[in-house]
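Scroll down for the structure; my scribbles are underneath it.
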Amino acid sequence: MNPTQAISPDDPKVVEFSENPGRRLRVQRQSRGIEVERIAAQLHLRVSAVEALEQDRYQDLPGPVFVAGYLRNYARLVGLDPEPLIATYRAAHPAAEPTGLPISALPRQEIGSGHFLVRLISIALLVGVVAMLVLWWQSRSDLLVSAPAGEAAGLAMSTPTGLPPLNRPTEPASQEAVSASPTLALPTPTGGDNPAGLSPPPAPLAEVLPAPAPATGVAADATPAAAVNPTEVALTFSASTWINVRDAAGTAILNGQMSKGDTRVLSGNPPYSLIVGNPGAIQVTVGGRPTNLGKHIPGNRKRFKFDPSSPE
Amino acid sequence: MLFRRFRGIFSTDLAIDLGTANTLIHVRGQGIVLNEPSVVAIRQERAGGPKTVVAVGEEAKAMLGRTPQNITAIRPLKDGVIADFTVTEKMLQFFIHKVHETRMVRPSPRVLICVPCGSTQVERRAIKESAAGAGAREVYLIEEPMAAAIGAGLPVGEARGSMVIDIGGGTSEVAVISLNGIVYSNSVRIGGDTFDDSIINYVRRNYGTLIGEATAERIKHAIGSAFPGNEVLEIEVRGRNLAEGIPRSFTLNSNEILEALQEPLSGIVGAVKTALEQTPPELGSDVAERGIVLTGGGALLRDFDRLIEEETGLPVVVASDPLTCVARGGGKALDMLDTRGLDLFSTE
């Protein structure tokens, strides 16, 4: 089959686009008397591909990068300047210019760690965990503060003392304290209720605090010798420290920087919550007696509760 | 971290072709904005003293082989990978700043860097760290032949094999790509630099004359060819005669250079043949039907496509603007980063 014959049916169409690179190549090839088979062999292409190139049937050829390359090689072979041909091809097929990739641009379905929902959920989880940790820590610190009080109360109850039982007015007072600080609920009522039926709480031992007498009237009866209010809590500072004291109602009764040698008397209802910058720097006196704070601040804690009524 | 993200708003995403010979930067929406030689000139007044960067890029390249004692002009990359970590970092920093010249805020762009497919994990990590040290907010790596194929406009996403040969300054990469992935890849440490070295060696052996790298490169550009052509080109060069110790001028022709380049060229041809051997038959037939695409600066060597064509018997086409193919491909890959995720990118 003569290749020129194969092309001839397309001729009228091709003539319309006389500038078409394929036609120019074919004309040049024919003028030089080279057969299409030889071109195909030189370009290492199939004859049909060369014919498609000559007839500008680019849809039968692979992508634009290949077409441009074939045109360049072909033009060089027949002695034409390849650049205008390629420019013509590019101009005629602007869509064929490699712009984007024909990749199925399906959005990714999988959810990565950067996904909005994942982030939201993880943040919520984190906040939840932190909140629970804070709650746990708070309840733990309260228990630690109140635990020694309970033990002390139990001890005191088992001690047979011949002292007169506390009079009833103690109860409402201590219950008030209890209602004010519900975290202390467990140990204190036993300390407050039991004395009625059982032995009295440990108040009157000489070295021991007049602990079970939170109500002022009662305390005055129990330790009449004391010149000062037996439940008056005074803080003496041996070094400068920052301190914040709140009473049972939660109102701040002492707040600020204390310097060495300062003494402050706490007003308001016990138990007090204290936040101290330097816990080693305070000495506490209750009713004029120095008190060991060690029990209330295990491990040198800077945040603790102090109840002068709780026995040591 | 947050501040970096904030600075990122004022930075543009970059695709960097960190080549042994040239570094190209493609900016999203602007095209290739920087094409400079990967050369840094460093001043060190006394041994052990502080080092300062004197010049980077074109300016530094002019200093290569012409520096006084206190200045050294070095190429921080060798064979496609980092040879001098700190200098590479400085160079990248300089280039990134140059691209962001007009900005007030210190740039912190997302950066895509092309790495040779033969590079080791250590080399990749070095490139990553170096870019991060130069101020990049995030660093992605893409294998060079993949970027080259995308840049050349090959249909990498189709289920058809496309073979691409990227001849860079330090390495040549041959890869067969199908469905966005590399089916086979091979990297040989032969490239434009090797051609220059071969020319230097040839001239020394046959003319007893020493020429510099810059001269060798000039000879390669002017008369270098990979396949015997019809015309014989000539060039006059000057070099130091080893016997007399005096600069002499002499004439070289293209056939001599062709002879000089035989060894590196056959190395590349060997790699291509190996690649064709290793390619699965279906993909091999796709390649045979459509042809091999040449990219990279080496593709500009006269008649290189003819050489591959004759050696393999397959059609070979040179991509348009082969020098910038990798950088442009990197730019396109960066565009797809947000929509397509990371499957184009190599990990570590």
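Since the structure is predicted, the reported quantities are computational estimates derived from the model, not experimental observations. Lettering follows sequence order; numbering is per chain, from 1.
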Legend entry - Shortest non-hydrogen separation from A:H44 to B:P315 and the atoms involved: O-CD, 3.2 Å
Inset, instruction - Looking only at non-hydrogen atoms, find the nearest pair between B:E309 and A:Q42 and report the distance. - result: OE1-O, 3.5 Å
Legend entry - Atom CD of A:Q257 with >12 non-hydrogen neighbours under 6.0 angstrom: yes
Legend entry - Option that, when pairs with chain A are counted at under 4.5 Å, heavy atom only, ranks first among B:L179, B:D305, B:V293: B:D305
Legend entry - Any residue of residues 284-292 of chain B which, by heavy atoms, sits under 4.5 Å from chain A: B:E289, B:R290, B:G291
Inset, instruction - Could you tell me the separation between the CG atom of B:L314 and the CG atom of A:L43, rounded to the nearest 0.5 Å? - result: 13.0 Å
Legend entry - Heavy-atom pair with the smallest gap, counting every atom of A:N73 and B:V316: ND2-O, 2.8 Å
Legend entry - Student check: side-chain heavy atoms of B:V318 and A:R72 closer than 4.5 Å: yes
